[in-house]
Amino acid sequence: MSNELTDSQIIADAIGTLQRYGYNVDRNTLSPVLLIVMQDLKAHQQVAETMIRYLESPHLLAIDTLTGGGNGDQS
């Protein structure tokens, strides 16, 4: 007995997981919905990185506010 998942099982699991979290998704809409989820994840990650940057170096918030910076670049 193999523990490997088939493509159909992976797709069914992804659809089930997304549906549990309120996404209206089926096999036909899985690809565009996953794209939206990935874009949301990237946006949340960027916000988290910015917040961590300001928590670690609070003076950067003042500098970015005064200079109009804070576009997410960490130089």
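Both backbone and side-chain heavy atoms feed into the values below; hydrogens, waters and symmetry mates do not.
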Novice: Group every Ile, Leu, Val, Met, Phe, Trp and Tyr by side-chain heavy-atom contacts under 4.5 Å, then state whether Ile52 and Leu60 land in the same group.
Specialist: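 Hydrophobic grouping puts Ile52 apart from Leu60.
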Novice: Quick one: CG on Asp26 to CD on Gln19, what's the gap to the nearest 0.5 Å?
Specialist: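 So the gap between those two atoms works out to 8.0 Å.
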Novice: Does CG in Asp7 sit with more than 12 non-hydrogen atoms of other residues, nucleotides or ligands closer than 6.0 Å?
Specialist: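 Open: at most 12 neighbouring heavy atoms sit under 6.0 Å from CG of Asp7.
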Novice: Over all heavy atoms of both residues, which pair between Glu4 and Gln9 is shortest? Give the atoms and the distance, please.
Specialist: O-OE1, 4.1 Å
Novice: What distance separates Leu35 CG from Gln39 CD, expressed to the nearest 0.5 Å?
Specialist: 4.0 Å
Novice: Tell me which one of Gln45, Met51, Arg53 satisfies side chain to side chain contact (heavy atoms under 4.5 Å, CB included) with Glu49.
Specialist: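 The side chain to side chain contact (heavy atoms under 4.5 Å, CB included) with Glu49 is passed solely by Gln45 among Gln45, Met51, Arg53.
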Novice: So how far is it from Leu55 CG to Leu61 CG, rounded to the nearest 0.5 Å?
Specialist: 9.5 Å
Novice: Which distance, rounded to the nearest 0.5 Å, do you find between the OG1 of Thr17 and the CG of Asp13?
Specialist: 4.5 Å
Novice: Apart from Leu34 itself, what residues make up its hydrophobic cluster when side-chain heavy atoms of I, L, V, M, F, W and Y under 4.5 Å apart count as a link, directly or indirectly?
Specialist: Ile11, Ile15, Leu18, Tyr21, Tyr23, Val25, Leu30, Val33, Val37
Novice: Atom CG of residue position Asn24 - does it have more than 12 heavy atoms of other residues, nucleotides or ligands inside 6.0 Å?
Specialist: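 For Asn24, atom CG is not crowded (no more than 12 foreign heavy atoms under 6.0 Å).
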